Amino acid sequence: MEFSYNAMIPKKAVFLVADYKRKQNVAIVNYVRVYHKRRLLIMICAFLLILILLMGRLTYLMVFQADHFGVLAQEIQERERSIKAERGRIFDRNGVELASNKPVCTISVIYNQVKEPDKVIEILVRELELDREYVEKRVRKKSSREKIKSNVEKEIADKIRTYDLDGVMVDEDYKRFYPYSSLASKVIGFTGSDNQGIIGLEVAYDKKLQGQNGVIYTLTTAKGIEIKNVAERRQEPVPGNDLYTSLDVNIQEYAWQAAKKVREEKNAKNVKVIVLNPQNGEIYAMVNEPEFDANNPYTLIEQENTDKLTDKEKNDLLNTMWRNACISDTYEPGSTFKIITATAALEEGKVSLKDSFYCPGFKLVEDRTIRCHKTIGHGAESFKEGIMNSCNPVFMEIGERTGVNGMYKWFKNLGLTEKTGIDVPGEANSIMHKKENVGAVELATMSFGQSFQITPLQLIRAVSAVVNGGNLITPHFGVKIENRDKTKIKNLEYKVKKDALSKETSETMKMLLEAVVAEGGGNKAYIEGYSIGGKTATSEKLPRSSNKYISSFIGFAPADNPKILAILLIDEPEGIYYGGTIAAPVVRGIFENILPYVGIEQQYISKENEKPQ
Amino acid sequence: MAGRRKQRKQEKVVFYDYGLLFIILFLVGFGLIMIYSTSYYSATIHKNGDSMYYLKRQGLLAMVGIVAMLLISKMDYRWVLKPIPRTKIPWVVFIYLVAVVLQTYVLFFGIELNGAKRWIGLGPLGTFQPSDLSKAAVILMIAFMVNQKPRALDSLKGFITIAIPVGILLMLIAIENMSTAIVVGLILMFMCYIASRKLWYFLLMGAAGGGLGALYILLGEGFRMERIQIWLNVETHEKGGQILQGLYAIASGGAFGKGLGQSMQKLGYVPEAQNDMIFSIICEELGMFGAFAIMLVFILLFWHILQIAMNAPDLFGGMLCSGVLVHVASQVLLNIAVVTNSIPSTGVALPFISYGGTSVMILLAEMGIVLSVSNRIR
């Protein structure tokens, strides 16, 4: 113990070892010791330098890489659970729900959270009424999440919830629901399993109707178990926009009932009705009887032995069933097209009300004899009588006068060479002769509505222009789009081609067509106290030898200022097939119901007095 | 004479580095908190719901270690230089031989975990990792040999006489445990560097060590090469998982961390978060400042050991403290470097904090020696 206490850092380098006996080594030890100190300091400096570099590395990772690795970390730690947004609803013009949603649930299992698989299987089989094997396979499948059943009624889902089974997830969802199930089904359409539109308005307005799904971000452990009692990030869902349509449930219902009745009576293949406002193109009703059940769109109607069908056959049948024939199917319009021929002739100045004609029951066109439907002929008649009689030779005559160019000009002006632009998908265009291929025979047949095809919608659009004073409207359903809290309202606008024809011609045509109903071939559509205009048609389907017909009637009221325009087509009626006999009364029935409903007054006294006999 | 003697007695104030003791206790305590924080989730899952499983084991061994440390610190560290009674073999050589025997034993009868045979089963007491003992034995052995011939390291012959016995143990370790071999190699290298007056030995050793290491990686088992691949492509390499998850943890800590116990990555994303990867969870929970604070505590620890090493009453004590300093510092640096993906991954525990009973006990025993040296400073 030769040296004294020297605090922590000695002033002198004296570190002699007490029991170091070899005196001669003391000097060496001292010498070595100085080296030790220096080397120790160099070493510690190296360590500190490395530590500082590591601190720099840490700073880089924690500050500058935080966005990169930090975000990646969050991604693996969070499980996204989407909250389904409610799809926008579809309303009729009076705010009646045509398509809405009902809350349903999706039941799924998370494999590694299931603690009592047997109990889970038993309860799910019982409550969901599923096949035991099916449930067992899914519950025992090693996957992160297995869906057992979707579209489960809320009551059943709530019941499953009360069992409080580990690993069984009940997620709320919405299912599209159509309160009127079959009403206007081919117009409104339906949605698929992901709530996406499949046909009809549901497709046309799909983007607007679809909401924005919300997300719940839940933190999970590496095994995917959600951590409870941790604030979860949440993004609320935004429900889809509501669509207000021009459809009117009552008019649709009347029209549908009438269509159903006549289809049954005539054992027809199908019956189509369109009712619209010719002034602005708002469609009040569009019936394609038979309609399907929009709540069960994959159930074939009027079809037996569906089990025997192959998938392709079934698919084809479904597509046929969903088809909106009013806009997708073309037909030869027949005599209703005489409205167009007359309009073209009047506009071109090739005919006037004073002109008189003679019908011998046929007309010779080049080498062909084309018959009138009244084979003995109408005899001498005025232009007005020609329309009232629906006399083919009269129209062949004025068609000839108007000529190919004149006729095609008016087909174009009245929108018959283009799609109408209606706001549902699947619209067909007309099938016409090429203008340069039209000879005298073609021209003659076209002037009474044969040898070309148009859709009922194209015809009703053209006739709208004829009776509304000359504006070519765009027939449509969508009126406005509103968000759920009605803070954003968008009124939908449609193209109108003003003055497609002159007001005078329009007035003349209304008068002529009123006469058709009042005294001519459309008299079965006449309703006491109302002024109704219209035109009947009986089109023979191709091939002509099949003896199949489409009986139709197009009518409007009031005749002087039409607010309602309707077209009705009976496809392949059995028995009597004349449009004037079977189609006109149906429209009459519809008008009887809807004219008072839309506020068109019956004019008893004046009409009673004015009407001859 | 009497007066002088009295004066001497008054001057004979015994020094004891309480600061160092406090730092050690702080680190052990902090380590226990972090072990609980990082392990309760996996303990709950894998140990029958006993969330304190790892904490209890580590806590018990830490208590034993602390008691041992205090006892050793009150003993004269020079007793290891004394021969075993009735033999001429000093205790330090005996300890070294025991380490060699255990290190050999573990190669044949060790328990294999995660593809490496590193543990000796002790029945109900758990497992013992001889490589931790080997580190301490190497420090003792080198200090002993340097003390015997202080000038030996000035010549190549003297260096070889030290390198051969240490090299034998080093080879035995390296067969199964690359990371410990690196630490032992660093201890050998730095202790010789401190004890030698010739720099070129150090350079030679560094080059030889580096060359051997490279050969080991190239010729040894394929997974070591793979680790370099992982290091270079941590985000894309399919086996980069553990390191990448550690980086996720570090990066999501931010400046002040998510708060103690709030780590997400410990919930199974970072496997065995209480072990070598514990520093990444410290970063996540305590943030950059928390991590820096812990690194500063380690710097303080190094400083204390350095002071004791420089003021040691004899060469043996000085060399012992230097060895312990190299041991602790190299593990801290290697661990943080691995966790931050600064170097290819190798399994080095963070001293005092990572879970591992043998490791913490041996470290505490080494600290006992350092404290014992400090206690001899007059």
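All values below were derived from every heavy atom in this structure, side-chain atoms included, with hydrogens, water molecules and symmetry-related copies excluded. Just so we're on the same page: letters track the sequence lines, and every chain starts at 1. Predicted model only: the values in this text are computed from it and were never measured.
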Winner by heavy-atom pair count (cut-off under 4.5 Å) against chain A, out of B:Gly317, B:Ala255, B:Ala291, B:Ser342: B:Ser342

Residue among B:Phe292, B:Tyr193, B:Phe298 with most heavy-atom pairs under 4.5 Å to chain A: B:Tyr193

[atom2] on [Y] to [atom1] on [X], rounded to 0.5 Å:
X        : Y        : atom1 : atom2 : result
A:Ile52  : B:Ile299 : CD1   : CD1   : 6.5 Å
A:Phe69  : B:Leu244 : CZ    : CG    : 6.0 Å
A:Lys37  : B:Leu306 : NZ    : CG    : 9.5 Å
B:Ile343 : A:Leu54  : CD1   : CG    : 8.5 Å
A:Met43  : B:Ser322 : CE    : OG    : 6.0 Å
B:Phe190 : A:Ile42  : CZ    : CD1   : 11.0 Å

Interchain contact, [X] with chain A, by part (heavy-atom threshold 4.5 Å):
X        : value
B:Val326 : both
B:Phe279 : side chain
B:Gln265 : both

Inter-chain contacts: residues 55-66 of chain A against chain B, heavy atoms under 4.5 Å: A:Met55, A:Arg57, A:Leu58, A:Thr59, A:Leu61, A:Met62, A:Val63, A:Gln65, A:Ala66

Partners passing ring pair (Phe, Tyr, Trp, His ring centres under 6.0 Å) against B:Phe22 (at least two apart in sequence or in another chain): none

Residues 247-254 of chain B: residues contacting chain A (heavy atom under 4.5 Å, by number): B:Leu247, B:Tyr248, B:Ile250, B:Ala251, B:Ser252, B:Gly253, B:Gly254

Per-residue contact mode, A:Ile44 against chain B (heavy atom under 4.5 angstrom): side chain

Side chain to side chain contact (heavy atoms under 4.5 Å, CB included) partner of A:Ile50, chosen from B:Ile336, B:Val332, B:Leu333: B:Leu333

Results of side chain to side chain contact (heavy atoms under 4.5 Å, CB included) for A:Val238 - residues two or more places apart only: A:Gln212

Over 12 foreign heavy atoms within 6.0 Å of CD, A:Glu236: yes

